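Chain A is the first sequence line, chain B the second, and so forth, proteins listed ahead of strands; every chain is numbered from 1. Predicted model only: the values in this text are computed from it and were never measured. Quick note: numbers below take in every heavy atom, side chains included, and nothing from hydrogens, waters or symmetry partners.
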Amino acid sequence: MYYIKNYISLDFKVPVVSTVLEFKDIIGAIKTRWSINRNNYKVNPGLYAVGMPDKTSEIFVSANYKLSFDHLRRNLNKFNAWVLVLDTKGINVWCAAGKGTFGTNELISKIKNFSISDIVEHKRIIVPQLGAVGVSAHEVKKETGFNVKYGPVRASDIKVFLENKYRSDEKMRTVNFGFTDRLKLTPVEMVGHFKYFLLVLASFFILSGFKNASFSVDNTWNYGIFPVINLIVSYIAGTVITPVLLPWIPVRNFSFKGLLIGAILTFTLFFLNLTGNNVPETISWFLINMAIASFTAMNFTGSSTFTSLSGVKKEMKVAVPLQIIMLSVGFIMWLTIRFI
Amino acid sequence: MNGFVYLKNVSTLKLDTEKCTGCLMCVFVCPHNVFEIKNRKSHIINKDLCMECGACQKNCPENAISVQTGVGCAAGIIKGFINGTAPDCGCDSSKSCC
């Protein structure tokens with residue numbers, strides 16, 4: 001691979017990787033953020049080196065999702081270190097740890113298979129803190145003798161972590177979810193349901209051709225623009241605007257956050273005369289838009305860094321029936337108008 | 001993280017202070033600073049920040065912590081509901097992931 005610059009010969013060859021990202025890496029990262037090739041963006045699991053490591057060098061553990069691996073090597077610039085990449089099926093550290101693929105057994109087997117105890121003379125292995133979801137430090141110690149040192153959440157804090165004698169301070173241990181973090185995740189949200197969204201969009205567009213129960217293509221072209229605008233706005237409300245404004249929307253349930261944003265944007269469309277020609281039609285768009293925005297915003301719980309299973313279940317118990325009712329009533333109202 | 005509190009009183013996190021030896025592992029692995037050591041014992045100080053990731057439970061050598069872990073992900077819960085399995089974000093398949 002192009003990021004391998006050299007090899008160190010031990011009993012086996014250890015690839016030395018570059019710590020400077022190239023154009024290809026950046027393009028790969030951008031594509032991944034847009035869900036292009038995201039599930040096949042991998043590096044081979046195994047042992048790698050950065051710089052010229054020796055028996056005293058640190059061992060950093062990573063996942064074989066290339067975005068994770070790139071992030072680590074970029075932050076190991078000017079280091080001499082070993083990088084042990086676990087087979088996480090191309091999934092990032094935190095998600096893979098939740099699944100157990102970034103886990104105790106995989107770490108133990110990689111430590112043994114690559115004879116790490118022969119490669120270094122110390123007994124420290126640095127695992128990213130978010131990997132702790134899948135790794136049990138005391139079990140790794142028992143099986144291999146290695147002391148797992150949980151490194152900082154962000155690879156950019158590695159230098160400070162080492163200077164602090166393998167301790168992360170509270171800030172380095174805490175997961176944030178800042179504006180840019182959230183913004184970066186919105187393309188995947190948009191692409192996520194896009195197929196279904198296009199199907200809904202096309203159905204509404206075609207049904208727009210009906211007026212007084214008779215179909216004409218002219219109606220589709222004249223009226224079809226209303227459903228298209230409303231549906232696009234509600235989709236963006238849930239997949240982009242709610243995630244970006246997340247902490248500033250003053251309710252806690254994600255579905256409710258999306259519903260509010262959907263309502264506000266539908267009001268805006270209403271004032272721009274874009275919600276149809278009569279009251280029932282306007283009401284139908286309020287219901288449909290709020291349902292779509294609420295559902296797509298609720299799905300952002302999976303991308304967020306602070307929602308719990310118990311919490312999401314609790315909110316869904318109320319939100320999902322409500323979304324179904326709003327969508328059904330809204331759609332039936334809208335459709336009825338086309339046929340009377 | 002003050003803007004990022006999710007729902008209150010939902011976390012299933014439990015800590016048995018009797019068993020705790022104050023080893024600090026829970027403090028080190030928690031991504032939301034849920035724990036604090038006082039008088040050589042761990043205490044849950046921010047329960048509503050808990051996202052049930054399970055890192056503390058996994059790394060407590062004394063088994064003093066219990067939490068029902070899982071994905072806090074609506075899509076995963078829907079998927080689990082449809083397939084009749086536990087909530088699952090589908091990270092090990094070739095399909096989309098969390």
Participant: Got a donor-acceptor contact below 3.5 angstrom from the A/Glu315 side chain to the A/Phe254 backbone?
Facilitator: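 Pair found, side chain donor or acceptor close to backbone of A/Phe254.
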Participant: B/Cys53, B/Gly70, B/Pro61: which one forms the most heavy-atom pairs within less than 4.5 Å of chain A?
Facilitator: B/Pro61
Participant: As an exercise: rank B/Ser11, B/Cys60, B/Ala74 by heavy-atom pairs under 4.5 Å with chain A and give me the winner.
Facilitator: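 Counting heavy-atom pairs under 4.5 Å, the top option is B/Ala74.
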Participant: Taking CZ in A/Arg252 as the centre, count heavy atoms belonging to other residues, nucleotides or ligands within less than 6.0 Å. Is the count above 12?
Facilitator: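 It does: A/Arg252 CZ has more than 12 such atoms within range.
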Participant: Consider only side-chain N and O atoms of A/Ser304 and A/Thr301, and report whether a donor and an acceptor are under 3.5 Å apart.
Facilitator: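 No, A/Thr301 and A/Ser304 have no side-chain donor paired with an acceptor closer than 3.5 Å.
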Participant: Quick check on B/Cys56 against chain A: is it the side chain, the backbone, both or neither that has a heavy atom closer than 4.5 Å?
Facilitator: neither
Participant: Sort out for me which of A/Ser35, A/Gly134, A/Gly98, A/Ser168 touches chain B most, counting heavy-atom pairs under 4.5 Å.
Facilitator: A/Gly134
Participant: State, without any angle test, whether A/Asn147 and A/Lys141 hold a side-chain donor-acceptor pair at a distance under 3.5 Å.
Facilitator: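 Side-chain D/A pair, A/Asn147 to A/Lys141: present.
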Participant: Checking B/Asn59 against chain A: side chain, backbone, both or neither under 4.5 Å from a heavy atom?
Facilitator: both
Participant: Non-hydrogen atoms of chain B under 4.5 Å away: do they reach the side chain of A/Val135, the backbone, both or neither?
Facilitator: backbone
Participant: Which answer fits A/Phe300, side chain, backbone, both or neither, if we ask what part of it has an atom under 4.5 Å from a heavy atom of chain B?
Facilitator: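 For A/Phe300, there is no contact with chain B at all, as no heavy atom is under 4.5 Å.
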Participant: Between B/Phe28 and A/Tyr150, does the ring centroid distance fall short of 6.0 Å?
Facilitator: no
Participant: Non-hydrogen atoms of chain B under 4.5 Å away: do they reach the side chain of A/Thr104, the backbone, both or neither?
Facilitator: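 For A/Thr104, side-chain heavy atoms alone lie under 4.5 Å from chain B.
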Participant: Chain B heavy atoms under 4.5 Å from A/Met298: which part of the residue, side chain, backbone, both or neither?
Facilitator: both
Participant: A/Lys99 vs A/Ile91, test: side-chain contact (heavy atoms from CB on, under 4.5 Å). Steps then yes/no.
Facilitator: CA-CA 10 Å; A/Lys99 282 266 170 193; A/Ile91 302 299; 5.9 Å; no
Participant: Check whether A/Leu185 gets within reach of chain B through its side chain, its backbone, both or neither, counting any heavy atom under 4.5 Å.
Facilitator: neither
Participant: Looking at B/Asp16 and B/Lys14, is there a salt bridge between them, counting it only when a charged N and a carboxylate O are closer than 4.0 Å?
Facilitator: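 So B/Lys14 does not pair with B/Asp16 through a salt bridge.
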Participant: Is it the side chain or the backbone of A/Glu139 that comes within 4.5 Å of chain B heavy atoms, both, or neither?
Facilitator: neither
Participant: Is the count of non-hydrogen atoms from other residues, nucleotides or ligands lying under 6.0 Å from A/Lys313 atom NZ greater than 12?
Facilitator: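 Counting neighbours around NZ of A/Lys313, 12 or fewer heavy atoms of other residues, nucleotides or ligands fall under 6.0 Å, so no.
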Participant: Using side chain to side chain contact (heavy atoms under 4.5 Å, CB included) as the criterion, point out the one residue from A/Ile125, A/Val148, A/Ile111 that pairs with A/Val61.
Facilitator: A/Ile125
Participant: When only pairs under 4.5 Å are counted, which of B/Val27, B/Thr69, B/Thr12 shares the most heavy-atom pairs with chain A?
Facilitator: B/Val27
Participant: Which atoms of A/Asn40 come close to chain B, meaning under 4.5 Å heavy atom to heavy atom: side chain ones, backbone ones, both, or neither?
Facilitator: neither
